[in-house]
Amino acid sequence: MTLILTLVIFVATYALIVTEKIPRAVAAALGACLLILLGVFPQETAVEHIDWNTLGLLIGMMIIVDLTRRSGVFGFLAIWVAKKVKGNPIRLLISLAILTAVLSAFLDNVTTVLLVVPVSIVIAETLKLNPIPFLITQILASNIGGTATLIGDPPNIMIAGPAELTFMDFMVNLAPVAIVILAVTLLGFYFLYRQKLKTDKESITLLLSQNEYDYIKDWAQLKRSLAVLSLTIVGFMLHAVIHVETATIALAGGMLLMVLSHEEPEEVFLAIEWPTIFFFTGLFVLVGGLVEVGVLDKIAEWSLGLTGGVPVVMAMLIVWLSAIFSAFVDNIPFVATMIPLIQKIGVLGGLTPEQLQPLWWSLALGACLGGNGTIVGASANVIVSGIAEKNGYTISYKKYFLIGFPFMLLSIVIASAYILLRYY
């Protein structure tokens with residue numbers, strides 16, 4: 001009875017998240033509360049299933065990014081890039097996509113598109129161009145760039161703790177294939193748009209006349225922010241050596257920057273995306289319910305039977321299942337469910353941590369890259385679509401799908417080949 005009740009609550013919550021009938025943070029928190037109220041497990045057990053390291057890492061990075069944003073550095077970078085390519089539309093499209101990918105790797109993809117996309121729309125309008133090709137390219141670039149590091153995309157942040165993977169593990173294992181996929185994707189966009197993006201000399205002259213330094217609002221804040229951000233990233237790289245968790249490093253960086261910036265705590269804490277934090281918290285408890293009643297044990301046994309327990313077959317199943325699933329619904333709930341499932345597969349299949357690692361990389365690649373498949377596949381996609389609509393441009397589901405889905409499939413083919421060649 002408890003098992004059926006848990007499944008009903010989980011599926012109902014998932015349906016609310018996918019259909020967005022109510023805010024997803026409210027849906028996840030409500031589902032978690034119902035598990036406790038209806039006696040699936042006590043509150044103490046529910047709390048044990050929350051990954052506090054993931055939440056701490058997210059909060060710390062949100063603080064650092066918000067305080068960095070106030071310096072105006074992101075507008076500066078966008079205009080600087082535009083001037084470096086002399087306003088050439090196709091080179092500008094490629095350059096802004098590369099900037100988006102790099103920032104997504106070291107900040108996170110959601111934050112990056114919030115900062116870069118509005119400036120990109122202004123640049124496109126200055127050149128009398130439709131911003132949609134720029135925005136679609138940046139969506140794909142943000143998700144590909146976010147794939148490369150531990151902090152670039154929420155699925156990676158979620159995977160790192162349970163899998164006991166370090167910042168450098170992600171860099172060494174995922175950054176190489178992310179760079180290849182980004183290069184292939186941008187080459188595809190070059191051929192797709194090179195004849196369509198045309199402007200006139202007057203518009204280019206107007207763009208080049210802008211002073212990128214006008215975008216810097218506070219030089220002192222810029223220097224403080226970049227120093228603390230650099231120190232935090234170095235801490236991530238060394239956290240396995242210094243034996244300090246990534247959440248502690250991120251929170252320490254955030255607190256240090258708050259002290260140096262002399263900002264009011266209330267104002268800074270308002271910038272934290274609390275709905276995201278509550279969404280993650282609720283998901284951890286919901287998946288904890290599946291663990292407690294044994295649902296994931298049964299699914300793990302089924303998966304082992306389906307793949308014959310062969311690791312390479314399991315890796316391919318995970319990367320493609322993750323990609324297709326993540327293309328149509330938010331990848332975060334899927335990853336939250338898959339993490340304990342992969343742990344169970346490891347235990348039941350007698351896999352060592354080294355043998356299990358390719359399955360983690362398969363999950364990360366599938367979930368992060370799969371988000372490029374549709375306009376609702378990842379949080380960054382939805383945010384860009386919303387910003388575009390506010391500025392009078394519509395990225396329809398069909399328009400995006402016809403471009404995003406083929407590029408997503410291509411990226412998963414490359415990812416699959418990479419997993420096979422590198423780990424098997």
Is the side chain of [X] donor-acceptor paired with the backbone N or O of [Y] at a distance under 3.5 Å, no angle test?
X      : Y      : result
Asp66  : Met62  : no
Asn381 : Thr374 : yes
Ser95  : Leu92  : no
Asn372 : Asn143 : no
Ser142 : Ile139 : yes

Ring-plane angle category for [X] and [Y], please: parallel below 30°, perpendicular beyond 60°, tilted otherwise.
X      : Y      : value
Phe405 : Phe401 : parallel
Tyr14  : Phe325 : perpendicular
Phe41  : His49  : parallel

Partners of Arg422 by side chain to side chain donor-acceptor pair (under 3.5 Å), sequence neighbours excluded?
->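 In terms of side chain to side chain donor-acceptor pair (under 3.5 Å), with neighbours along the sequence ignored, Arg422 is linked to Tyr418.
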Looking only at heavy atoms, which two atoms of Ala388 and Ile121 are closest? And how far apart?
->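 Where Ala388 meets Ile121 most closely, the heavy atoms are CA-CD1, 4.4 Å.
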Please report the closest heavy-atom contact between Ser104 and Asn109, naming both atoms and the distance.
->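 Shortest heavy-atom separation between Ser104 and Asn109 comes out as OG-CA, 3.6 Å.
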Enumerate donor-acceptor pairs with a distance under 3.5 Å from any side-chain N or O in residues 52-59 to protein atoms, sequence neighbours excluded.
residue, atom, partner, partner atom, Å
Asn53, OD1, Ala247, N, 3.2
Asn53, ND2, Thr246, OG1, 3.0
Thr54, OG1, Asp51, OD2, 3.0
Thr54, OG1, Ile157, O, 3.4

Please check if any side-chain donor atom of Gln357 sits under 3.5 Å from a side-chain acceptor atom of Tyr423, or the reverse.
->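 Absent: no donor and acceptor within the cut-off.
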If you measure only the distance, is there a donor-acceptor pair under 3.5 Å linking the side chains of Thr45 and Glu292?
->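 No, because no side-chain N or O of Thr45 sits under 3.5 Å from a partner of the opposite role on Glu292.
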I would like to know whether Gln221 and Ser261 meet side chain to side chain donor-acceptor pair (under 3.5 Å); could you show each step before the answer?
-> CA-CA 7 Å; Gln221 180 66 9; Ser261 302; 3.1 Å; yes
In terms of side-chain geometry, is the basic nitrogen of Arg70 or Glu267 positioned less than 4.0 Å from the acidic oxygen of its partner?
->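 The answer is yes: the pair qualifies as a salt bridge.
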For residues Phe76 and Tyr215, establish whether the separation of their ring centroids is below 6.0 Å.
->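 They do not qualify: ring centres at least 6.0 Å apart.
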Below 6.0 angstrom between ring centroids: does that apply to Phe170 and Trp361?
->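 Ring centres of Trp361 and Phe170 closer than 6.0 Å.
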For [X], does the [atom1] atom have more than 12 heavy-atom neighbours from other residues, nucleotides or ligands under 6.0 Å away?
X      : atom1 : value
Lys223 : NZ    : no
Trp80  : CH2   : no
Glu164 : CD    : no

Can you check whether Gln138 reaches Ser120 side chain to side chain, under 4.5 Å on heavy atoms?
->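 Result yes, sub-4.5 Å side-chain heavy-atom pair found.
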Should Lys83 and Ile79 count as side-chain neighbours, where that means a heavy-atom distance under 4.5 Å?
->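 Answer yes - side chains close enough.
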What do the steps show when you test Leu229 against Met61 for side chain to side chain contact (heavy atoms under 4.5 Å, CB included), and what is the final call?
-> CA-CA 9 Å; Leu229 180 59; Met61 290 307 297; 4.3 Å; yes
Please report the C-alpha distance between Trp360 and Ile339 in whole Å, then the side-chain angles of each, then the deciding distance to 0.1 Å, and finally whether the side chain to side chain contact (heavy atoms under 4.5 Å, CB included) criterion is met.
-> CA-CA 8 Å; Trp360 294 120; Ile339 287 170; 4.0 Å; yes
